[in-house]
Amino acid sequence: MDILAKEKANILTINQTIPINNVATITITLDMSQMDITIYKLVNKIKDKSRVLEVKLLAME
């Protein structure tokens, strides 16, 4: 969440599954219109976090 705030991503929705073995799937819908970086750079910043296992870009319009 700190990365999203720093990069001016506006969070529209957050959905999370029940954690199993301390792992949960989280889906976040963002408004990127105020961001100064590309979505691909944002994805890479999130991937670099130590407790993040995987990041997928599902759709973009």
For this session: Start with the C-alpha distance between Met1 and Ile28, add both sets of side-chain angles, then the distance that settles side chain to side chain contact (heavy atoms under 4.5 Å, CB included), and finish with yes or no.
Result: CA-CA 10 Å; Met1 296 302 159; Ile28 302 173; 3.9 Å; yes
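Atom-to-atom distance recorded for Met60:CE and Leu30:CG is 11.5 Å, nearest 0.5 angstrom. Distance CE/Met35 to NZ/Lys41: 10.5 Å, rounded to 0.5 Å. Note that CD1 of Ile46 and CD1 of Ile39 are 7.0 Å apart. Values are rounded to the nearest 0.5 Å.
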Only distances under 3.5 Å count here; give the side-chain donor-acceptor pairs of residues 11-24 to other protein atoms, sequence neighbours excluded, each with its distance to 0.1 Å.
from, atom 1, to, atom 2, distance (Å)
Thr13, OG1, Thr29, OG1, 2.7
Thr17, OG1, Thr25, N, 2.9

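Val43 is not connected to Leu53 by any chain of hydrophobic side-chain contacts under 4.5 Å among Ile, Leu, Val, Met, Phe, Trp and Tyr, and they are in different clusters.
Annotation: side chain to side chain donor-acceptor pair (under 3.5 Å) contacts involving residues 44-61, sequence neighbours excluded, comprise Glu7-Lys45.
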